[in-house]
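Worksheet: the structure to be examined is printed underneath.
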Amino acid sequence: MRKILSVMLVLAVLAGAAPVAAAAGSDYADVPGHWAEASINRWSAEGVITGYAGKFRPDDPITRGEFAVILDRILDYQTAAANKFVDLPEAFYTDAMLKANFAGVITGYTDGTVKPEQNISRQEAFVMIARAFKLKAPAGYALKAADAGDVAGFARDAVAALESKNFIQGRDGGKLYPAATITRVEIVKLLDNIIANFIVKAGTYTQLEKAGMVVVNVPGVTFKDVTISGSLVVAPGVAEGDLTLDNVKVTGDVVVLGGGVNSIKILGGSAVSGSIIISKVDGKIRVFTEDGTEVPFVVIEDGRDDIVLEGTFKSVTVNAGVTVTLPKDTVVENLQLNVTANIKGEGTVETATLGLGASGSVFEKKPGTINAPDGVVVTIGGNTYTASGGTVTIIDDTTGGGGGGGGGGGDVGVTVASVTLYYNNPGAAEMTATVSSGTSTFNIASLPDSVVITGI
């Protein structure tokens with residue numbers, strides 16, 4: 001795993017000048033007495049920011065590339081995208097920008113550029129922050145800033161997310177100045193507002209410095225008998241390692257951006273008031289819950305590899321086309337599929353609800369109940385069905401969750417209340433007949449010879 005260095009390239013590089021980093025945690029010549037002195041020294045000590053020739057230069061602007069470097073130092077992204085940008089050369093910010101691109105934090109412009117050396121505006125920085133930490137505003141939240149009308153459409157959700165949590169406040173009568181260039185000290189203060197506890201050393205933590213968001217970017221961390229008053233972000237820096245919550249109360253969300261098959265373990269009566277948001281973009285991830293833990297909501301937002309859920313979960317929502325594995329004895333009370341997904345394993349899904357976008361989803365084992373709009377196709381135990389009447393009813397699944405091998409499996413019984421006959425007669429409705437003694441009878445003698453039956 002890439003280690004964070006205590007001495008980094010500077011955030012502002014002047015043409016033709018070599019960067020000189022100040023010692024981590026030291027005072028800069030232009031910082032003593034500054035209103036943000038404590039924040040500057042905090043993030044300097046963490047190695048997240050550095051100065052230039054003994055100065056911090058708080059009021060200087062910051063570029064898009066420099067801000068990507070800051071986010072990478074905090075979250076420690078593990079995977080970079082291929083460089084498809086026409087204006088991204090080899091520079092100190094290149095790797096960070098490509099990692100942020102892979103994570104969906106930086107998307108670039110329609111002309112193929114990413115503008116790494118362009119000064120970043122306040123609203124652009126807010127968007128990157130909201131994407132990086134998966135911040136969202138409460139439903140129906142309205143912006144309160146005096147200049148809310150100046151916030152661009154692409155940034156409104158992100159600005160609402162930060163404003164609703166009091167991470168940003170207006171100035172000069174409550175104005176945000178969204179299009180203005182953000183300064184180095186404003187970035188530092190924003191980080192200070194958002195991240196209350198920054199965990200970069202493995203070990204067991206039984207207390208936290210202060211209330212607020214916790215960011216963990218190293219594997220091998222255990223929280224025991226503590227309350228996290230805010231969200232917990234499992235950063236990509238956790239890599240394929242583990243993080244354990246033992247009798248921990250989380251009042252916000254648990255945002256899973258890192259971790260692996262060793263899992264995120266939620267043990268000992270822990271409780272998560274918000275959601276577990278799984279958005280790891282590289283590699284497998286496993287979330288394990290022990291009996292007695294309270295995990296009301298799991299939302300799978302992103303992923304390219306298997307996601308394993310082991311334990312008991314009240315509600316799981318899948319918004320990414322991934323494979324979700326439910327090992328034996330796992331119970332999901334309510335599973336909501338909004339996209340096509342593959343549900344594997346011997347675990348139990350009590351109720352599955354499929355949206356229109358989930359047509360084509362595959363279940364290895366039959367759910368107790370399947371609700372889906374008419375026409376949605378689902379494969380269960382190797383057999384394919386089309387929803388009708390808002391449900392798919394399977395009464396005997398001899399292939400789901402059983403033993404190995406065998407190709408093809410056995411028969412699956414289906415309870416049929418009625419049969420519908422579809423044909424191509426323009427303007428005419430399809431015929432439906434109820435089942436009586438195992439038979440449905442249609443009278444098609446009155447139909448013209450040109451009619452072609454198209455489906456049953």
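- Ion pairing of Glu310 with Lys265 is absent here, as no side-chain N (NZ or NE/NH1/NH2) approaches a carboxylate O to less than 4.0 Å.
- Side-chain contact between Ile307 and Val318: absent, with no pair of heavy atoms (C-beta onward) separated by less than 4.5 Å.
- In this structure, the side chain of Thr289 engages the main chain of Thr312 through a donor-acceptor pair within 3.5 Å.
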Can Arg73 and Asn217 be said to form a side chain to side chain contact (heavy atoms under 4.5 Å, CB included), step by step?
CA-CA 9 Å; Arg73 291 174 184 168; Asn217 82 344; over 6 Å; no

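- With no hydrogens or angles considered, a side-chain donor-acceptor pair links Asp111 and Thr113 at under 3.5 Å.
- With 3.5 Å as the limit, one finds a donor-acceptor pair spanning the side chains of Tyr28 and Ser44.
- Shown here is Lys210, whose NZ atom has more than 12 heavy atoms of other residues, nucleotides or ligands within 6.0 Å.
- A donor-acceptor contact shorter than 3.5 Å links the side chain of Ser270 to the backbone of Leu245.
- Scanning for ring pair (Phe, Tyr, Trp, His ring centres under 6.0 Å) contacts around Phe126 gives an empty result, with sequence neighbours left out.
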The test is side chain to side chain contact (heavy atoms under 4.5 Å, CB included); show your working for Val261 and Val308 and say whether it passes.
CA-CA 8 Å; Val261 295; Val308 180; over 6 Å; no

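- Between Thr63 and Pro116, every side-chain heavy-atom pair lies at or beyond the 4.5 Å cut-off.
- Of the possible donor and acceptor atoms, none in the side chain of Asn338 sits under 3.5 Å from a partner among the backbone N and O of Asn319.
- Here the straight-line distance linking atom OG of Ser361 with atom CD1 of Ile380 works out to 10.5 Å at 0.5 Å rounding.
- The pair Lys136-Glu301 meets the salt-bridge criterion, since a charged nitrogen lies less than 4.0 angstrom from a carboxylate oxygen.
- The local environment of NZ in Lys115 is crowded, with over 12 non-hydrogen atoms from other residues, nucleotides or ligands closer than 6.0 Å.
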Chi angles and distances behind the side chain to side chain contact (heavy atoms under 4.5 Å, CB included) call for Leu71, Ile129
CA-CA 8 Å; Leu71 289 178; Ile129 284 281; 4.1 Å; yes

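- Using a 4.5 Å cut-off on side-chain heavy atoms (C-beta onward), Leu335 and Phe313 make no contact.
- The pair Glu163-Lys144 does not count as a salt bridge, with every side-chain nitrogen at least 4.0 angstrom from each carboxylate oxygen.
- Counting heavy atoms from C-beta on, the side chains of Phe363 and Val392 never come closer than 4.5 Å.
- Formation of a donor-acceptor pair under 3.5 Å by the Arg156 side chain with backbone atoms of Ala148 is found in this model.
- At least one side-chain heavy atom of Ile195 sits under 4.5 Å from a side-chain heavy atom of Phe133.
- More than 12 heavy-atom neighbours from other residues, nucleotides or ligands sit within 6.0 angstrom of CG on Asp306.
- With Asn101 contributing its side chain and Ile106 its backbone, the two residues share a donor-acceptor pair below 3.5 Å.
- The closest donor-acceptor contact from the side chain of Thr244 to the backbone of Thr222 lies at 3.5 Å or more, if one exists at all.
- The line from CE of Met213 to CG of Leu208 is 13.5 Å long, rounded to the nearest 0.5 Å.
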Before you tell me yes or no, could you show the steps for Ile266 and Ile276 under side chain to side chain contact (heavy atoms under 4.5 Å, CB included), namely the whole-Å CA-CA distance, both residues' side-chain angles and the distance that decides it to 0.1 Å?
CA-CA 11 Å; Ile266 306 175; Ile276 295 181; 3.4 Å; yes

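- Annotation for Leu337 and Ala358: closest pair O-CB, 3.4 Å, computed over non-hydrogen atoms.
- Of all heavy-atom pairs spanning Ile49 and Ile40, the tightest one is CD1-O, 3.5 Å.
- For the pair Arg184 and Phe56, the cation sits on the ring face: its NZ or CZ lies under 6.0 Å from the ring centre, inside 45° of the axis.
- Here the closest non-hydrogen pair linking Glu350 and Val331 is OE2-CG1, 3.6 Å.
- Thr340 places a side-chain N or O within 3.5 Å of a backbone atom of Ser359 that can act as its donor or acceptor partner.
- Contact check for Val287 versus Val295: no side-chain heavy atoms found under the 4.5 Å cut-off.
- At a threshold of 4.0 Å, the pair Arg122-Glu186 counts as salt-bridged, since one of the basic side-chain nitrogens sits closer than that to a carboxylate oxygen.
- Using a 4.5 Å cut-off on side-chain heavy atoms (C-beta onward), Leu190 and Ile168 make contact.
- Atoms CG and CG, on Asn247 and Asp225 in that order, are 4.5 Å from each other to the nearest 0.5 Å.
- Other residues, nucleotides and ligands contribute only 12 or fewer heavy atoms inside 6.0 Å of the CZ atom of Phe297.
- Formation of a donor-acceptor pair under 3.5 Å by the Thr251 side chain with backbone atoms of Gly230 is found in this model.
- Interatomic distance, Phe85 CZ to Thr94 OG1, rounded to the nearest 0.5 Å: 11.5 Å.
- Between Val281 and Ala103 the shortest heavy-atom distance is CG2-CA, 4.3 Å.
- The minimum heavy-atom distance between Val250 and Asp253, with the atom names listed, is CG1-O, 3.9 Å.
- Of the residues Val216, Ile264, Leu257, the one that meets the side-chain contact (heavy atoms from CB on, under 4.5 Å) test with Val234 is Ile264.
- One finds the CD atom of Gln118 at 13.5 Å from the CD1 atom of Ile62 (value rounded to the nearest 0.5 Å).
- Of the possible polar contacts, one joining the Asp87 side chain to the Val114 backbone as a donor-acceptor pair under 3.5 Å is found.
- Interatomic distance, Asp246 CG to Phe223 CZ, rounded to the nearest 0.5 Å: 12.5 Å.
- When all heavy atoms are compared, the tightest approach of Gly237 to Gln78 is CA-NE2, 3.8 Å.
- Counting non-hydrogen atoms of neighbouring residues, nucleotides and ligands closer than 6.0 angstrom, the NZ atom of Lys284 reaches no more than 12 such neighbours.
- Distance alone, capped at 3.5 Å, places no donor-acceptor pair between the Lys366 side chain and the Gly381 backbone.
- Counting heavy-atom neighbours within 6.0 Å of Asp291 CG, excluding the residue itself, gives a total of 12 or less.
- Gln336 and Asn334 are not linked by any side-chain donor-acceptor pair at a separation below 3.5 angstrom, with hydrogens and angles left out of the test.
- Counting only heavy atoms from C-beta outward, the side chains of Ile74 and Phe198 approach each other to under 4.5 Å.
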